Peer 1: 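Just dropping this structure here.
Keep in mind the model is a prediction, meaning the values are calculated, not measured. Residues: numbered from 1 along the sequence shown.
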Amino acid sequence: MKKFRHAAVLLAALLLMAVCVAGCGEQTAYNAIPYYDSTEYDGDSARYNQELFRRNDGDLTVADPSVLYVDDAERDDYGYFYLYGTFPAVEAYTAVTYRSRDLTNWEFVGPVLSDNVKTSGLFRTEVYAPKVIEDGGKYYMFVSATPDMSDSEVKDVTGLLYLLVSDDPYGPFDFVDMSGQNRAESYQDEEGKQVACDEYWADVMYFDTAKYAARVMELEEIVQNDELYENYNYSGYFSNIDPYPFIDDDGTRYLYFVFRKTGDTNRRYLAGVECGETFADVKYDTMQLLTLGGYMDVQGTTPCSYQQNSYIDEGPVMIKHDGKYYLTYSYGSLTTSYQVGQAVSDSPLGVFRKLEQSENGTLFSGDSGQFDLANPGGHDIVEVDGKMYIVYHRNASSTNLSSAERCVAADELRWVSIKDKDGNDLDVLYANGPTVNLQPKFEFACEYGNIASEATIEVENLQEGSSAAALTDGLLSMYQYDSYEFNETYISETVITEKAVITLTFPDYVSVRAIMIYNSKLLSRSFMEIERVEFDCKNADGSEVTNYISALQMDWRTDRHSSNGEALKNGSAAVAEFAEILCKEIRITIDVPQSGWLIDENGNISFAEEEYMMFEHEKIVGISEIAVLGK
């Protein structure tokens, strides 16, 4: 293993490595290049080059993150991402924001609520999941909060929804004036009784309670729940959390949210409503319930097999793709089984169909991750330069799953074309995550991108039915359990049966700065190391040289799960970075282990005298992906 003990030594070595061994005649000149494999540790974390790579270290403790990307080139903060979320550590009455240019490193900006909002009494507790959207040059924040009820006759209200506005994404956000809607001070319930809705928050909150209640009573027949009004109101008011505003291609505005009442017998619905010329203009007659926790359909007639014992659907996110509407959402328990699902519809207000597991119904989960990747859930999706990224929270603790503390992470999303349950063509979302180990820096924030797909690729000793194309399709193989049939069908590894050379040939010389060779998702099919990597290069003077790396190691200390040494973390790869080279062909030699091995807590490899003492290796190797960072 070639390592550099100090950054200064690494830099000097990388600057000097361009000198090559002179050849004679037709003989190939070979040069062993200095490189860094990101396996030197400072405490519990390996050092890595943040100009090339990223890692979800969990430094920002936030739940339910939402992200706004500033794409207005006239603004001083053009290119920044602003992050909002549920912040358990901040004082009541307020919310804050962070910002980043790369979705990895976040800087604190400050509180975002106006003094008027903070002193209103309406944001007393439970300031949950704010979401900001730009509309007509203004920034609108939807957020739920629980008011101060100390001077009110009503004592059980929770999670009222509000609409705020600001000239800037960092605030201050103040209430949008809803007073012109002539809201009623009472309404008639199903039994003909007058229900008061005249508390001090009634004219300020987003929804007109009387109109909202009337629509809820109409929805009872649609969703076949004649106790909808009775079971889902708090003293006549309604709780709505996790708002998500969405503007369609034709400019039509929609708001998605959670329709809930706490308690195991009251399953949570996801709901949506159309808005008018502004988000303050709610078209109550369009309000629909879209999904029901624990069921495939909103009527609750077909149980959802992968949501067993879960009554929660929450955290909706809406995106549109090729004329279809994709609703992603969180389900399960935030401390035991939080995951992200996806549903699809031809209309923004449904009917939405939760996807089957064979269609990647579970989009995002900890899967085999145990403590290291536990409970990824509350999320947002952001698109930059034609690529999608999911920003999400997961458990902050790698040792205590019962902790409700959560931290922010981000990974890439892709579209995968499949056959749906009826045999029709359908694109579905797939996530290259969750990850906690080294990954290429997102391309919008990096000088170098993954150019492997530009090369033609050949692989020796392929297993029958395996394909070289899987090595550069951009899809990381990582899920062993959730959406099993989908992953076995559409997310392939390239499998070799004996020692093989993988050759990537580019149409012309390209600049290359690093390489990542992703291991199998199964330890039983993993390679232990990369025997050799060769780069056919051209020097500045036009001479040719083959640069090479021998015995490139995995970082077994990081890439093995902390609670299960016989499982690999999602997206584990052998990594080498080096000074920029001009390269046309890359050859990677990988041997197939003939037995398993032992891995200690420091990542050291050893062998036992008896094979049964080690994990059982299948004597084949799966390679998930190859990334070539270059330009």
Peer 1: Consider only side-chain N and O atoms of Q553 and D555, and report whether a donor and an acceptor are under 3.5 Å apart.
Peer 2: no
Peer 1: Rounded to the nearest 0.5 Å, what separates atom CZ in R560 from atom CG in L568?
Peer 2: 10.5 Å
Peer 1: Using atom types as modelled and distance alone, determine if a side-chain donor or acceptor of K569 lies under 3.5 Å from a backbone N or O of T558.
Peer 2: yes
Peer 1: Kindly say whether the aromatic ring centers of W597 and F615 come within a distance under 6.0 Å.
Peer 2: yes
Peer 1: Taking atom CD as the centre, does E458 end up with more than 12 heavy-atom neighbours from other residues, nucleotides or ligands that are less than 6.0 angstrom away?
Peer 2: no
Peer 1: Would S483 and Y306 count as having a side-chain donor-acceptor pair, cut-off 3.5 Å?
Peer 2: no
Peer 1: Contact between Y392 and D380 at the side-chain level, heavy atoms closer than 4.5 Å - yes or no?
Peer 2: no
Peer 1: Check whether any side-chain N or O of R55 sits under 3.5 Å from a backbone N or O of A46 as a donor-acceptor pair, and report yes or no.
Peer 2: yes
Peer 1: side-chain contact (heavy atoms from CB on, under 4.5 Å) between Y331 and V340: does it pass, once the steps are laid out?
Peer 2: CA-CA 6 Å; Y331 67 89; V340 175; over 6 Å; no
Peer 1: Just by distance, with hydrogens left out, do D411 and N432 show a side-chain donor and acceptor under 3.5 Å apart?
Peer 2: no
Peer 1: Calculate, to the nearest 0.5 Å, the distance between atoms CG and CG belonging to L60 and D57 respectively.
Peer 2: 12.0 Å
Peer 1: Could you check if a side-chain atom of I588 sits within less than 4.5 angstrom of a side-chain atom of I515, using non-hydrogen atoms only?
Peer 2: yes
Peer 1: Would you call D242-K131 a salt bridge at under 4.0 Å N-O?
Peer 2: no
Peer 1: Could you tell me whether E107 and R99 have a side-chain N and a carboxylate O separated by less than 4.0 Å?
Peer 2: yes
Peer 1: Passes salt bridge (Lys or Arg N to Asp or Glu O under 4.0 Å), R75 versus D168? Steps please.
Peer 2: CA-CA 10 Å; R75 288 188 57 91; D168 297 295; 3.0 Å; yes
Peer 1: With no hydrogens and no angle check, is any side-chain donor or acceptor of E531 less than 3.5 Å from a backbone partner on S550?
Peer 2: no
Peer 1: Would I496 and V592 count as a side-chain contact (heavy atoms from CB on, under 4.5 Å) here? Give the steps.
Peer 2: CA-CA 8 Å; I496 58 173; V592 176; 4.1 Å; yes
Peer 1: Hey, is CG on N604 packed in by over 12 heavy atoms from elsewhere, all under 6.0 Å?
Peer 2: yes
Peer 1: List the atom of Y48, the atom of Y36, and the distance in Å for their closest heavy-atom pair.
Peer 2: CA-CE2, 4.4 Å
Peer 1: Check whether Q480 reaches the backbone of K521 with its side chain - one donor and one acceptor, N or O, closer than 3.5 Å.
Peer 2: yes
Peer 1: Between the side chains of E580 and R513, is the shortest nitrogen-to-carboxylate-oxygen separation below 4.0 Å, so that they form an ion pair?
Peer 2: no
Peer 1: Once rounded to the nearest 0.5 Å, what's the spacing between atom CD of E40 and atom OG of S45?
Peer 2: 13.5 Å
Peer 1: Can you give me the closest heavy-atom contact between R54 and E412, atom names plus distance?
Peer 2: NH2-N, 4.5 Å
Peer 1: Would you say that more than 12 heavy atoms from the other residues, nucleotides or ligands in this model lie under 6.0 Å from the CD of E601, or not?
Peer 2: no
Peer 1: Would you call the rings of Y490 and F486 parallel, tilted or perpendicular if under 30° counts as parallel and over 60° as perpendicular?
Peer 2: tilted
Peer 1: For Y509, look at atom OH and say whether over 12 heavy atoms of other residues, nucleotides or ligands are found less than 6.0 Å away.
Peer 2: yes
Peer 1: Assign the ring pair Y338 / H393 to parallel, tilted or perpendicular, where the plane angle (0 to 90°) is split at 30° and 60°.
Peer 2: parallel
Peer 1: So does T435 get a backbone contact from the side chain of N56, meaning a donor-acceptor N/O pair under 3.5 Å?
Peer 2: yes
Peer 1: Decide yes or no for Y84 and D64: does some side-chain heavy atom of the first lie under 4.5 Å from some side-chain heavy atom of the second?
Peer 2: no
Peer 1: Side chain of S100, backbone of N105: donor and acceptor closer than 3.5 Å?
Peer 2: yes
Peer 1: Determine the interplanar angle of the Y430 and Y479 rings, folded into 0 to 90°, and report it as parallel if under 30°, tilted if 30 to 60°, perpendicular if over 60°.
Peer 2: perpendicular
Peer 1: Taking all non-hydrogen atoms of both residues into account, name the closest pair between L438 and S38 and its distance.
Peer 2: CD2-OG, 3.5 Å
Peer 1: When you look at H379 and S330, which way does the side-chain contact (heavy atoms from CB on, under 4.5 Å) test go after all the steps?
Peer 2: CA-CA 8 Å; H379 64 287; S330 303; 3.8 Å; yes
Peer 1: Evaluate the side-chain proximity of V96 to V112: yes if any heavy-atom separation is below 4.5 Å, no if none is.
Peer 2: no
Peer 1: Mind checking whether V109 and Y98 have side chains closer than 4.5 Å, heavy atoms only?
Peer 2: no
Peer 1: Can you name the closest pair of heavy atoms from V512 and F578 and give their distance?
Peer 2: O-CE1, 3.7 Å
Peer 1: Does the plane of the ring in F444 sit parallel, tilted or perpendicular to the ring in Y389? Use 30° and 60° as the thresholds.
Peer 2: perpendicular
Peer 1: In plain terms, say whether D42 and R47 are close enough for a salt bridge, that is, a side-chain N and a carboxylate O under 4.0 Å apart.
Peer 2: yes
Peer 1: Between W556 and S526, which heavy-atom pair has the shortest distance, and what is it?
Peer 2: CH2-OG, 4.2 Å
Peer 1: Could you tell me whether N602 atom CG has more than 12 heavy atoms of other residues or ligands within 6.0 Å of it?
Peer 2: yes
Peer 1: Any side-chain donor-acceptor pair under 3.5 Å between E534 and T546?
Peer 2: no
Peer 1: Kindly say whether S337 contributes a backbone atom to a donor-acceptor pair with the side chain of N375 at under 3.5 angstrom?
Peer 2: yes
Peer 1: Just so I know, are the side chains of V382 and M388 near enough to count as touching, which here means a heavy-atom distance under 4.5 Å?
Peer 2: no
Peer 1: Sub-3.5 Å donor-acceptor pair from the side chain of T472 to the main-chain atoms of S453, do we have one?
Peer 2: no
Peer 1: May I ask you to say whether R414 pairs ionically with E625, meaning some side-chain N is under 4.0 Å from a carboxylate O?
Peer 2: no
Peer 1: Test side-chain contact (heavy atoms from CB on, under 4.5 Å) on L598 and I605 and set out the steps.
Peer 2: CA-CA 6 Å; L598 301 174; I605 298 295; over 6 Å; no
Peer 1: Quick one: is the NZ or CZ of K441 closer than 6.0 Å to the six-membered ring centre of F53, and within 45° of its axis?
Peer 2: no
Peer 1: Can you tell me how far apart OG1 (T494) and CD1 (I623) are? Round to the nearest 0.5 Å.
Peer 2: 6.0 Å
Peer 1: So, taking the atom named CG in N437 and the one named CG in N570, what distance separates them when rounded to the nearest 0.5 Å?
Peer 2: 7.5 Å
Peer 1: Which value, rounded to the nearest 0.5 Å, describes the distance between L429 atom CG and L363 atom CG?
Peer 2: 5.5 Å
Peer 1: Any donor-acceptor pair under 3.5 Å linking the side chain of D600 with the backbone of G603?
Peer 2: yes
Peer 1: Which pair of heavy atoms, one from I451 and one from F506, lies closest together, and at what distance?
Peer 2: O-CE2, 3.3 Å
Peer 1: If only side-chain N and O atoms count, and only distance matters, is there a donor-acceptor pair under 3.5 Å linking S543 with N539?
Peer 2: yes
Peer 1: With sequence neighbours left out, what residues match E493 under side chain to side chain donor-acceptor pair (under 3.5 Å)?
Peer 2: S477, S520
Peer 1: Below 4.5 Å, heavy atoms only, C-beta onward: do N450 and P440 meet side chain to side chain?
Peer 2: no
Peer 1: Is a donor on one side and an acceptor on the other found under 3.5 Å between the side chain of E460 and the backbone of V501?
Peer 2: yes
Peer 1: Could you check whether Q342 and T328, counting side-chain N and O atoms only, form a donor-acceptor pair closer than 3.5 Å?
Peer 2: no
Peer 1: Check this for me: E51, atom CD, are more than 12 non-hydrogen atoms of other residues, nucleotides or ligands nearer than 6.0 Å?
Peer 2: no
Peer 1: Side chains of T589 and K499, heavy atoms from C-beta outward: is any pair under 4.5 Å?
Peer 2: yes
